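Before any comments, here is the structure.
Below, read A as the first sequence line, B as the second, and so on, with proteins coming before strands; counting in each chain starts at 1. Computed from heavy atoms alone, side chains included, the values below leave out hydrogens, waters and symmetry copies. The shown structure was predicted, so the numbers you read here are calculated from the model rather than taken from an experiment.
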There are 2 protein chains.
Amino acid sequence: MEKPVRRKGDAVTIHEVARRAGVSPMTVSRVINGNSNVRDTTRETVMRAVRELNYTPNPAARSLAAAQGTRIALIYTNPSGAYLSELLVGALAGVSRTAAQLVLDTWDNVSPAAERAAARKLAKSVAGVILPPPLCESKAILSELVAAKVPVVAIASGRFQANISCVRIDDFRASREMTEHLLGFGHTRIGYIKGNPNQTASALRYEGFQAALAEAGLAVDTSLVQQGYFTYRSGLEAAEKLLNRKRPPTAIFASNDDMAAAAISVAHRRGLEVPRDLSVVGFDDTPIATTVWPELTTVRQPIASMAESSIELLLRSIRQRPGETRIVVDHVVAHELVKRDSVAPPRKS
Amino acid sequence: MEKPVRRKGDAVTIHEVARRAGVSPMTVSRVINGNSNVRDTTRETVMRAVRELNYTPNPAARSLAAAQGTRIALIYTNPSGAYLSELLVGALAGVSRTAAQLVLDTWDNVSPAAERAAARKLAKSVAGVILPPPLCESKAILSELVAAKVPVVAIASGRFQANISCVRIDDFRASREMTEHLLGFGHTRIGYIKGNPNQTASALRYEGFQAALAEAGLAVDTSLVQQGYFTYRSGLEAAEKLLNRKRPPTAIFASNDDMAAAAISVAHRRGLEVPRDLSVVGFDDTPIATTVWPELTTVRQPIASMAESSIELLLRSIRQRPGETRIVVDHVVAHELVKRDSVAPPRKS
DNA sequence: TTGCACTTTGATAGCGCTATCATTACGCTC
DNA sequence: GAGCGTAATGATAGCGCTATCAAAGTGCAA
């Protein structure tokens, strides 16, 4: 049995839909592109035909005809690479339905001038950009991209910014919930390891922590709060300081998983068992959360589906007619508290 | 200053190349597709024009005209996901120059029957497949794909298999070198944590370890060899056993980074300092190698560039005319011994 | 030189879709 | 109901590339 010749005849085209609906192919095209200027009744007829024939537009033809070299850039920096693979998986999923191409690049520029230059160059070669943190916090990059009228989606950025679409979770609320979870176990002396101050999310997470404490009528003991930088190394140091105290905390809330993993490691080196002697929780649910032992209780950001949404958003922006006002949305998606094995009630002492 | 209208004129087309080279567009097409039946002198003229104009084929047009929905699948399973992001980065880089689209899928089938069914279905929808371990060791998948005449590239698989192209490092040699490195520091009692037996690479790495020992005139002490499964958890257990011995090893060679990281963690819990009291080395150079402290000495597999080569290989296979014999190559790329901070001479005892 | 088989090149016709402009239908004022 | 402006639809012409087949060139034997 030969493999069928791929050429020809395997897919239903816009013409067949048009014929079935009794309209011209152009009208079908307008309908499937959500174009206005189509009478409602016509639209419905067409849509029915589309459904009946199970029609899917051919992405290649589409982008060829539209001459929109739909290249979408995803720029990242190494530091934030923790969830890179999930980001890529999601972006790829979003792109694979369309003719768009995903192009990757790493920027480790330090100076705003370098970022500015890179952004300007990028703006010329792609139709849209997805920016994870910390890049999406850079004024230099953002202003350059916005000036060049290239649609941008900031992903997992803490806060919504003018002119930039944004797909994110509610860091504040997630962090508050996690703190409440800890509180619910009876912890009252909770150490907190802050994230890198160059990211809005760090502040938001800390605020969520404070808010939960305040609601529970507890004061924030600032000596139990350490600055971290989202790296394992910084988590190591912060946890050392926390556990060196005369009255060490009974739980540590690290604002990402890498630092939480580091806290576990420090605890182990001191002969403390987790969670019996110390509860530890993280944030993000990156692979390391399930690598370490015990597995981390953490907050799951659905990075993959967030990336997928970002692509869709971007594509919609790109497809816009030149005249229309830019689509700018703030898309807050649901997070999830993932309970695993790193939390227990505080030990009686 | 308005952004130039994207439509038209921004890219150099095959016609311009043709005019410059003084041939027809068709001939250019043949050249860039590596088609035979083009005189060498003609080919060179065309290639020069291509270079001078910095021409890149338009992927959309290409796949539209060729009606070859050049979709390349990358299938992975969670367990091997350690270097997934690097794999994706490389594959994407390879793909971004061509019309091909990368589609991802996760298979966590256990039964060969399920794998067989999935492979059969896959064969119908894509033009080529990239298979990282352990999937590339599955007879069921492989035979199904080969039967369907879908080109396959096994990446980072230990050994070359008939009918399947393969891009890999020399696991045996890399492992032998790493062992020699340890030996060079004066270690003679080296613990070894084996990899998952479902992968050829595990055996190869172990053989390399044995070979180096044999060359140095040392006998392999099988009580210093533990079975692991490439997971952090299994590394934990193996390291425990190793360090529980009356005369524990002075160094541990884990056959991947996750298990090496686990070994470090176990050492720390026992108050052992790495590398002062125990040297630990890993394999693969995944992100965890630079996350843990101290950073791991390990063997770097250039996964990204391997993935890129795989794509190129696949594309070449796909572009083949139906008649020709399948291209099957065994591409062994160079590895690298990355020396970091987890190795020191054995402590005098 | 002619004839024949084979290699190399080119002309033509789309791939499936959308931009553009022309055409027709509709709604309204006067 | 004529006249006009706007909304809805259609006809045409490609987007950049490759499949296909026809044409031209090449080599070799007779």
Taking the side chain of [X] as heavy atoms from C-beta outward, which of [options] is closest to it?
{"X": "A65(B)", "options": "dT18(D), dC17(C), dT9(D)", "value": "dT18(D)"}
{"X": "M26(B)", "options": "dG10(D), dT18(D), dT18(C)", "value": "dT18(D)"}
{"X": "N58(A)", "options": "dG10(D), dC17(C), dG14(C)", "value": "dC17(C)"}
{"X": "N33(B)", "options": "dC17(C), dC15(D), dT18(D)", "value": "dT18(D)"}
{"X": "R62(A)", "options": "dT9(C), dT9(D), dT18(C)", "value": "dT18(C)"}
{"X": "A61(B)", "options": "dG16(C), dC17(D), dT9(C)", "value": "dC17(D)"}

OP1 or OP2 of [N] versus the side-chain N and O atoms of [X]: is any pair under 4.0 Å?
{"X": "T13(A)", "N": "dG16(C)", "result": "no"}
{"X": "T42(A)", "N": "dT9(D)", "result": "yes"}
{"X": "T27(B)", "N": "dG10(C)", "result": "yes"}
{"X": "S29(B)", "N": "dT18(D)", "result": "yes"}

When the nearest nucleotide of DNA chain D is assigned to I14(B) and to N37(A) on a heavy-atom basis, which residue is associated with the more 5' position?
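Nearer the 5' end of the strand: N37(A).
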Over how many whole Å does the gap from [X] atom [atom1] to [N] atom [atom2] extend?
{"X": "R30(A)", "N": "dC21(C)", "atom1": "CZ", "atom2": "C1'", "value": "11 Å"}
{"X": "L53(B)", "N": "dG16(D)", "atom1": "CG", "atom2": "P", "value": "14 Å"}
{"X": "D40(B)", "N": "dT26(D)", "atom1": "CG", "atom2": "C1'", "value": "15 Å"}
{"X": "L64(A)", "N": "dA13(D)", "atom1": "CG", "atom2": "P", "value": "18 Å"}

For M26(A), does the CE atom have more than 12 heavy-atom neighbours from other residues, nucleotides or ligands under 6.0 Å away?
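Count over threshold, so yes.
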Would you kindly compare R39(B) and R39(A) by the position of their nearest DNA chain C nucleotide and give the one closer to the 5′ end?
R39(B)
Side chains of L122(A) and E144(A): closer than 4.5 Å at any heavy-atom pair?
no
